[in-house]
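First the structure, in the form of structure tokens, and then the observations on it.
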Amino acid sequence: MSANQRKKRLNKKESYKYMTRLGWDPTYQKEEDVFPYLEMEGIKIHDWEDWEDPFRMTMDSYWKLQAEKDKKLYSIIDAFAQNNGQKNISDGRYVNALKLFITGITPLEYKVVQGFSHAARAFKGEGASIACQMQAIDELRHFQTQVHTMSHYNKYFDGFHDYSTAHDRVWYLSVPKSFGDDASTAGPFEYLTAISFSFEFVLTSLLFVPFMSGAAYNGDMATVTFGFSAQSDEARHMTLGLSAIKFMLEQDAGNVPIVQKWMDKWLWRGYRLLGLVSMMMDYMLPNSPTSWGESVELYIEQNCMALYKDLEKYGIKVPQEFIDTIVAEKGHLSHQVWNIFYNHTNASAFHTWMPDETKMNWLSEKYPDTFDKYYRPMFERYIELEKKGERFYSEVLPLVCQTCQIPLGFTDIEGGHPEVYTHETSEYKGQKFHTCSKGCKHIFEEQPEKYIQAWLPPHQIFQGNCGGATIPEVLKWYKLEDGVDNMDYVGSPDETMWNKLKNK
Amino acid sequence: MAIQSIGEYPNIMKDSLDKFHGNQLVYIYWYGHRVVCSPRAFPFPPDMLFGALISDIIPLTYKIEPDFADLDFDKTEVIWEIDGKVVNPDFSKSLKENGVGHKSFITFTTPSLTGRVGA
């Protein structure tokens, strides 16, 4: 027997055990001092060992797998750059969907790195802790690959130059920012419900599937490649989300009503956030594979309802009131959100435009009950004004919702008044707070202490905290160039660049 | 579900009246009109005359609405609401004297002009 005989390799189970020894039982410190967030939210966990990370992935296999994916991703990005891939997209307008993504979603990915790192530290169980840590690293990678994928467009088009400043300052980006801030300042269990379950499991399909298939339909192979690379991570995150929620529900019957409240809250907050995606799908993609309305039918009316049905055995109920509103709004949402952005393109980090006749006809076909009746006449009038050189930009600021921070631009479809904006008011400590919907009012009133702190852009401008009182002054503070990064697509430097690329 | 916190939770009233340099927040909505994409927000001095809404603010805000050409405050029937209560404002008096407070929501409804959107 040789003295240098190799040690037997560890099997997977042993390897996982040794590679994931993050949990410990404190001996010279009190457990509540080491894990101060464990009991804060009222969730009772009797046995952390009951939650095993369903993937049991260890660092060595993680590095290997992700390195292979990254190698493929970066070689395709290189090929895209060398072959002037930007010329092969369907139209210069498409790039504005990417601007919305890099300013709105990419920084949110980074916020999620922080959130999962915090949850990983806050949980006592090893399985939960490792799963959160792995997801934090995934999200960091998503942030990086998105930045690298989209940086190619930065060479040719405006609006990509300072996405993180934009995320922190530009008015409509307070919508995703407040979503991330709200989640990551909650306790670790609510955080997990918000991101792992509601966002990753219920809503991520509404974001990533349309976005990536939209990229494919419009010739953006760089973004498609990022989507493929992230997709296997997303599948893992979804599984983790469901296992996390089941773990909480199974540990103690007292957890059920708490988790139910969080599920309701984050379904509604996530839905409102995805209003941005609705306009991306229906208006910003020159070629749209699916309409927002069709996506709601598939992902909310079918998939989401099936998921809630699975959880019925724990006592979880469908938040029927919210679902009814989502379904009622499906024929109106994207048109209303696009109208908000058309009104305020003078203060945006991307361009808007009115749909051409082909696109209008597509919208009529996809929305036979609503588009021609409520929106086409308005849009045709905008086009008339544009022809006269009077393109409409709002000179005054919107009232935004205290909870979701979107302008109060949603109308009362369920009440039979699609022409009237919905508006709710709450009182707290002698002051009024305005919200856009029953859902947002409910969320505000559950935790007014939190939402009175909301950083609402119009109010911050009025308080003098955003560079000045005029739009050019605020744009300067946004680090946007007036007349370049904002205003209509028609007449923009982006349009000029696109025409040059296509030798028009 | 009150707020959960491991320590004392701070009370930060971000938009209290004292932060607006003598102005107060006022919101205006022309009921049923949606070319202007949402109710609008303004910082107004409480001593501003209510009539200034008619002479300056509503034209600036709502001139894009097709109904605006037919809106004549001397002739058109207008129902005013402040914070959900129907009122008869005195245009020669201030916002404050008319009961408009910080973050008040003013709605004006014109039964003969219900919100055309087309040409």
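Throughout, a chain's letter reflects where its sequence line sits, starting with A, and its residues are numbered from 1.
Contact count against chain B (heavy-atom pairs under 4.5 Å) is highest for Glu419(A) among Glu380(A), Glu390(A), Lys429(A), Glu419(A). With chain A as partner, the option from Pro43(B), Gly115(B), Gly101(B), Gly84(B) having the largest number of non-hydrogen pairs under 4.5 angstrom is Pro43(B). Of the residues considered (Phe341(A), Tyr342(A), Phe433(A), Trp455(A)), Phe433(A) shows the highest number of contacts with chain B, using heavy-atom pairs under 4.5 Å. Annotation: maximal heavy-atom pairing with chain A below 4.5 Å, among Lys14(B), His102(B), Arg34(B), occurs at Arg34(B).
Only the backbone of Ala454(A) comes within less than 4.5 Å of a heavy atom of chain B; no side-chain atom from C-beta onward does. With a threshold of 4.5 angstrom between heavy atoms, Gln402(A) approaches chain B through side-chain atoms but not through N, CA, C or O. Proximity to chain B (any heavy atom under 4.5 Å) is shown, for Asn339(A), by both the backbone and the side chain. Interface remark: Tyr29(B) contributes side-chain atoms only to the contact with chain A (heavy atom separation under 4.5 Å). Both the backbone and the side chain of Ser16(B) come within less than 4.5 Å of a heavy atom in chain A. Contacts of Pro418(A) with chain B are made by backbone atoms alone, with heavy-atom separations under 4.5 Å and no side-chain atom involved. Residue contact with chain A, scored on non-hydrogen atoms closer than 4.5 Å, involves the side chain of Asp83(B) exclusively. Neither the backbone nor the side chain of Ile461(A) comes within contact range of chain B; no heavy atoms are under 4.5 Å apart. Residue Phe410(A) does not touch chain B at all, counting heavy-atom pairs closer than 4.5 Å. The contact between Gln460(A) and chain B is made entirely by side chain atoms (from C-beta outward), counting heavy-atom distances below 4.5 Å. For a residue to count as touching a neighbouring chain, one of its non-hydrogen atoms must lie under 4.5 Å from one of that chain's; by this rule Gln463(A) touches chain B with backbone and side chain alike. When heavy atoms are compared at a cutoff of 4.5 Å, Gln431(A) approaches chain B solely by way of its side chain, counted from C-beta outward. With a 4.5 angstrom heavy-atom cutoff, His21(B) touches chain A only via side-chain atoms. Within the 4.5 angstrom heavy-atom criterion, only side-chain atoms of Leu25(B), from C-beta onward, approach chain A.
Aromatic rings from Phe42(B) and Tyr27(B) are positioned such that their centres are separated by 6.0 Å or more. Aromatic pair His344(A)/Tyr172(A): centroids not less than 6.0 angstrom apart. The six-membered or imidazole ring of His335(A) lies away from that of Phe379(A), with a centre-to-centre distance of 6.0 Å or more.
Between Glu446(A) and Lys265(A) there is no salt bridge, since none of the side-chain N atoms of the basic residue sits less than 4.0 Å from a carboxylate O of the acidic one. Residues Lys63(B) and Glu395(A) are paired through a salt bridge, judged by an N-O separation under 4.0 Å between the basic side chain and the carboxylate.
Between Tyr62(B) and Phe108(B), the ring planes lie perpendicular to each other; the angle is over 60°, past the 30° to 60° tilted range. Using cut-offs of 30° and 60° for the angle between ring planes, the Phe189(A) and Phe123(A) rings count as tilted.
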Could you go through His332(A) and Tyr367(A), starting from their C-alpha distance and side-chain angles, then the distance that decides it, and tell me whether this counts as side chain to side chain donor-acceptor pair (under 3.5 Å)?
CA-CA 9 Å; His332(A) 294 267; Tyr367(A) 297 100; over 6 Å; no
Verify side chain to side chain donor-acceptor pair (under 3.5 Å) between Asp372(A) and Ser364(A), making sure each step is shown before the conclusion.
CA-CA 6 Å; Asp372(A) 286 352; Ser364(A) 301; 2.6 Å; yes
Verify side-chain contact (heavy atoms from CB on, under 4.5 Å) between Asp70(B) and Thr76(B), making sure each step is shown before the conclusion.
CA-CA 8 Å; Asp70(B) 301 320; Thr76(B) 314; over 6 Å; no
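Tested against Trp80(B), the residues Phe105(B), Trp30(B), Tyr31(B), Phe50(B) include a single ring pair (Phe, Tyr, Trp, His ring centres under 6.0 Å) partner, Phe50(B).
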